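Notes follow the structure.
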Amino acid sequence: MHVLHNAIRTAGRVGATAVAGSVLLTACASPAPKDPNEEKLHDRLPAAVKSAGAIKIGVDLNYAPVEFKSQGNKPDGLDPDIANALGEVLGVRVEFVDTPFDKLLPGLHAKNYDVVMSAMTDNRQRREGTDETGKQVTPGVDFVDYFIAGTSIVVSKGNPQNINSLDDLCGRTIALQRGTTQAAIIQRQTGACEKNRKPMTVKLTDSDAEALTMVGSNKAVADLSDFPVAAYVAQQGQNGAQFQVAGAQLQAAPYGIALTKENSELRDALTKALDRIIRNGEYEKILNKWGVGAGAAQNAVVNGGF
């Protein structure tokens, strides 16, 4: 769902030959385009993508239901399904490079894949390539926005600490994944808690699953994650008996497909492809499959985040 500069994640992947632990996963071959319009979209792709016959996507497959590994280590979830639908209308395969979230954008700039699609929030800091002080440290990226998600607070079932807002986290220990939009939200909240003389302790983890484990073992009172993930966790954890979502969603913002700024040809092709699957109904089917229809985008937008 999911802003600190070292995320620059909302989340860089690198190829299997470049970074230990990264895995290249290839989706099923997409059918050939069925009409002349699809052929035209294929023609809009950069020559390198057309030559390869595939778009390589950096993704952190550890964020169900948005992206995760199903049986057989196959990419599954909202993002892989949308990516496969985009590949089909573009007439190319999609290949997924599984990489930790905070390495996704560095991997993109290193040209280890063509795009990042991993519940990554489109925001100004990522677009401009700046750190938390406003200093530019990377070239920045462009986004093709495809989904809207807010942040939710996840607590133990029954909400024993009565947490319903960010202010309720002051004086407590919380856990969350580093490099995410949620980490940036909490960084700002930390200052507010200190002003109220109720400092908050923040435990940063490598994955959202690790943060949830800390909540489940009472080592932290809450985790923050994107709403679709939080709702899924509340439903799935011990069959709904382990966690719950507390309070209202915070700071809704778009997920975007990230590309380097010089890759405008692929950006524009993906924008048209996204509009096509929205119009033909495939996008709605995918969102309904994962129970996240409330986050539907009405059309593709480039760099629409705050």
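Because only heavy atoms are used, hydrogens play no part in the values below, and waters and symmetry mates are left out as well, while side chains stay in. These numbers were taken from a predicted model, which means no experiment stands behind them.
- Side chain of E210 to backbone of T205: no donor-acceptor contact under 3.5 angstrom is found.
- The closest side-chain heavy-atom distance from I82 to I277 is below 4.5 Å.
- You'll find the side chain of I174 reaches within 4.5 Å of the side chain of M200, heavy atoms only.
- In terms of modelled atom types and a separation under 3.5 Å, the side chain of Y283 and the main chain of A296 share no donor-acceptor contact.
- The shortest distance between side-chain heavy atoms of K261 and P139 does not fall below 4.5 Å.
- Side chain of R126 to main chain of T121: a donor-acceptor pair is present (N/O by atom type, distance under 3.5 Å, no hydrogens or angles).
- Interatomic distance, CG of L270 versus CG of L259, reported as 6.0 Å (0.5 Å rounding).
- Of all non-hydrogen atoms in E67 and P80, the two that sit nearest each other are CB-CD, 4.0 Å.
- T173 places none of its side-chain heavy atoms less than 4.5 Å from the side chain of K219.
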Quiz prompt | V115 vs R267, side-chain contact (heavy atoms from CB on, under 4.5 Å): CA-CA, chis, key distance, verdict | solution = CA-CA 9 Å; V115 307; R267 179 199 66 199; over 6 Å; no
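- Within the model, atoms CD of Q242 and NZ of K157 stand 11.0 Å from one another, a figure rounded to the nearest 0.5 Å.
- Residues Q189 and C170 are in side-chain contact: their nearest non-hydrogen atoms beyond the backbone lie under 4.5 Å apart.
- Summarising the geometry, atom CD belonging to Q177 is positioned 12.0 Å from atom CG belonging to L224; distances are rounded to the nearest 0.5 Å.
- Contact between E262 and K111 at its shortest, heavy atoms only, is OE2-NZ, 3.2 Å.
- The only option from D98, N62, D76 that meets the side chain to side chain donor-acceptor pair (under 3.5 Å) definition with K69 turns out to be D98.
- Without hydrogens or angle criteria, S217 side chain to T213 main chain gives a donor-acceptor distance under 3.5 Å.
- Y232 and V155 are not part of a single hydrophobic cluster, where members link through side-chain heavy atoms under 4.5 Å apart.
- Hydrophobic clustering (ILVMFWY, side-chain heavy atoms < 4.5 Å, transitive): V92 and L266 are in one cluster.
- Side-chain atoms of D275 come within 3.5 Å of backbone N or O of A300 as a donor-acceptor pair.
- With D168 contributing its side chain and N164 its backbone, the two residues share a donor-acceptor pair below 3.5 Å.
- A heavy-atom distance below 4.5 Å is found between the side chains of N263 and P46.
- Here the CH2-CZ distance, from W290 to F147, works out to 12.5 Å after rounding to the nearest 0.5 Å.
- The local environment of NZ in K198 is sparse, with at most 12 non-hydrogen atoms from other residues, nucleotides or ligands closer than 6.0 Å.
- One finds the CG atom of D114 at 8.5 Å from the CG atom of L108 (value rounded to the nearest 0.5 Å).
- Hydrophobic clustering places I185 together with V221 (ILVMFWY residues linked when any side-chain heavy atoms are closer than 4.5 Å, directly or through intermediates).
- Without hydrogens or angle criteria, Q244 side chain to G158 main chain gives a donor-acceptor distance under 3.5 Å.
- Applying the 6.0 Å contact sphere to CD of E284 captures no more than 12 heavy atoms from other residues, nucleotides or ligands.
- At least one donor-acceptor pair under 3.5 Å links the side chain of D122 to the backbone N or O of G304.
- Residue K50 qualifies as enclosed at atom NZ: its count of foreign heavy atoms under 6.0 Å is above 12.
- The closest donor-acceptor contact from the side chain of Q136 to the backbone of T138 lies under 3.5 Å.
- Side-chain contact between I148 and F227 is absent, with no heavy atoms from C-beta onward closer than 4.5 Å.
- At a threshold of 4.5 Å between side-chain heavy atoms, the hydrophobic network of Ile, Leu, Val, Met, Phe, Trp and Tyr places L287 and I278 in one connected group.
- Side-chain contact of T133 with D131: a donor-acceptor pair under 3.5 Å is present, judged by distance alone.
- To the nearest 0.5 Å, atom OG1 of residue T130 and atom NZ of residue K135 are 12.0 Å apart.
- V215 places none of its side-chain heavy atoms less than 4.5 Å from the side chain of V154.
- Q251 and T151 are not linked by any side-chain donor-acceptor pair at a separation below 3.5 angstrom, with hydrogens and angles left out of the test.
- Looking only at atom types and distance, the side chain of D142 has a donor-acceptor partner in the side chain of N303 under 3.5 Å away.
- Contact between D223 and A211 at its shortest, heavy atoms only, is OD1-CB, 3.6 Å.
- Under the 4.5 Å side-chain contact rule for hydrophobic residues, I186 and L250 share a cluster.
- Between A64 and V229 the shortest heavy-atom distance is O-CG1, 3.4 Å.
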